[in-house]
2 protein chains.
Amino acid sequence: MLRKSTDIRQEEIKKAVLDIIHREGLKNVSTKNLAKKVGISEGTIFRHFQSKNDIMMGIIDDVSTGFVEKLRKIAFSEKSPPERLFDLLCTTVTYLVENKGITILLFSEASYDNDKKMLEKLNYIFNSQKEFAAMIVSDGIASGVWDKSVSPDDVASLYMGIPITLNIEMILMGEKFRYRNFCNRMNDLLIKLLNEK
Amino acid sequence: MLRKSTDIRQEEIKKAVLDIIHREGLKNVSTKNLAKKVGISEGTIFRHFQSKNDIMMGIIDDVSTGFVEKLRKIAFSEKSPPERLFDLLCTTVTYLVENKGITILLFSEASYDNDKKMLEKLNYIFNSQKEFAAMIVSDGIASGVWDKSVSPDDVASLYMGIPITLNIEMILMGEKFRYRNFCNRMNDLLIKLLNEK
DNA sequence: AACATGTGTAAGTATTTACTTGCAAAGATA
DNA sequence: TATCTTTGCAAGTAAATACTTACACATGTT
């Protein structure tokens, strides 16, 4: 009987959730399957989490504190707007590719239930990214490097499509999807769009 | 005891699925809830469909034969590439706004289960749109109206982000999302990107 | 009228789900 | 050593799920 602290078990359980989502689909994230993957009994899960929903919330909170804060630092860094936009995009793409389960979770959880708390958290994650992009574009226009006739909000909408499309392609195509230079290629398009004619 | 033909009941049931998804979330699409919404008994559902999965498949097939074929006509029409691109985008946006349940279904179903048949159908719907966009861009470049230095495939990837972002925003923001001129604004960005410097 | 067929329901089924309970024992603290 | 807290498990629970069965009756055809 191997005993581990709640902190460690919580991490193991959250990791198992993402693993199951990525390999077997969200449908198979049951407490029974989860326990099997971690190598503990089903009851033990409820020793470390109050409910299954709490596990999901925990994962989403991890995204907020980890991923979103990382992007925030990039958005507010001292680099030039083009550099910041590139960093923002590539960091996002890398994160999504390396955390495939999370992307599906964020996606589906929003539409699976109509849970208000969950939607708020997801909204925060989504809108933070969008605001970061809009801010960088605004800065670029203000500093004179980019065309002032484009709307930062519209570009931010278009920008958000990039990571989301990546998500969908990863879900649909699985391993076949080619990530190589994906962020570079998309960044080139954005830059062309932002430059003056 | 009101009796209706299988054809009609199937439509009613499929419509109820989308309605439930939009209002209560995918989680609440149970055969029990479905029967209640349609106003029939649970058993009657299985008189008209072999399984719940068949209902979902039916809806997705409807999207393929209806929506995708409509887009195909636009993509292969005699209009100019800029007109075709605009039509493609706006038709898609309109469809998504008017069929909110479908967008969530397409999204989540892909990640909910790992059903191969389902993934193939979703892949078809996704890739058709992407190919239509890539083709129109190619035509535009070939005919000299657009910059030949951009990659049609990359633009198609970026293009696909537009309807998908719209999806997400509709899920997250609900009624608050402003669709007004959304396709025009996005189209303007694409055109700016495609024009020569 | 007789019959076949199509549409309906009520009341089941087995299975799965998230979660609980009672108790054992490991590890820390005294 | 004795005690307390934490972590574990086996065996439950009630509720929900997709789906079935047996039978009723409406409708169209002969």
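Just so we're on the same page: letters track the sequence lines, and every chain starts at 1. As a basis for the values below, the full set of heavy atoms in this structure was taken, side chains included, without hydrogen atoms, waters or symmetry mates.
- With a cutoff of under 4.0 Å to any heavy atom of chain B, the contacted region of DNA chain D is bounded 5' to 3' by dT17(D) to dA26(D).
- A heavy atom lying under 4.0 Å from DNA chain D marks the following residues of residues 51-59 of chain B, by number: Ser51(B), Lys52(B).
- Here Asp153(A) pairs with Ala134(A), Ser151(A) under the side chain to side chain contact (heavy atoms under 4.5 Å, CB included) rule; sequence neighbours left out.
- With sequence neighbours left out, the side chain to side chain contact (heavy atoms under 4.5 Å, CB included) criterion links Thr92(A) to Phe67(A), Leu71(A), Leu96(A), Gln129(A), Tyr159(A), Pro163(A).
- A salt bridge between Glu169(A) and Lys130(B) is present, with a side-chain N of the basic residue lying under 4.0 Å from a carboxylate O of the acidic one.
- Considering only heavy atoms from C-beta on, Lys100(A) stays 4.5 Å or farther from Ile104(A) through its side chain.
- Rounded to whole angstrom, the span from the CG atom of Asp7(B) across to the P atom of dG6(C) amounts to 12 Å.
- Under the 4.5 Å side-chain criterion, counting only non-hydrogen atoms from C-beta, Thr6(B) is not in contact with Arg47(B).
- A salt bridge is defined here as a Lys NZ or Arg NE, NH1 or NH2 lying under 4.0 Å from an Asp or Glu carboxylate O, and Glu12(B) with Lys15(B) fails to meet this definition.
- Put simply, the side chain of Ile162(B) reaches to within 4.5 Å of the side chain of Phe182(B), judged on heavy atoms.
- Less than 4.0 Å separates DNA chain C from no heavy atom of any residue of residues 11-26 of chain A.
- Side chains of Trp146(B) and Asp139(B) form no contact here, defined as non-hydrogen atoms less than 4.5 Å apart.
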task = Step by step, work out the salt bridge (charged side-chain N to carboxylate O under 4.0 Å, His left out) result for Arg84(B) and Glu78(B).
result = CA-CA 9 Å; Arg84(B) 277 188 279 154; Glu78(B) 294 301 317; over 6 Å; no
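- Against DNA chain C, the stretch residues 29-50 of chain B makes heavy-atom approaches under 4.0 Å through Ile40(B), Ser41(B), Gly43(B), Thr44(B), Arg47(B), His48(B).
- For Asp19(A) and Lys37(A), the salt-bridge test fails: no basic side-chain N is under 4.0 Å from an acidic carboxylate O.
- No salt bridge links Glu120(A) with Lys117(A); every basic N to acidic carboxylate O contact stays at or beyond 4.0 Å.
- The CG atom of Asp61(B) sits 13.5 Å away from the CE atom of Met56(B) when rounded to the nearest 0.5 Å.
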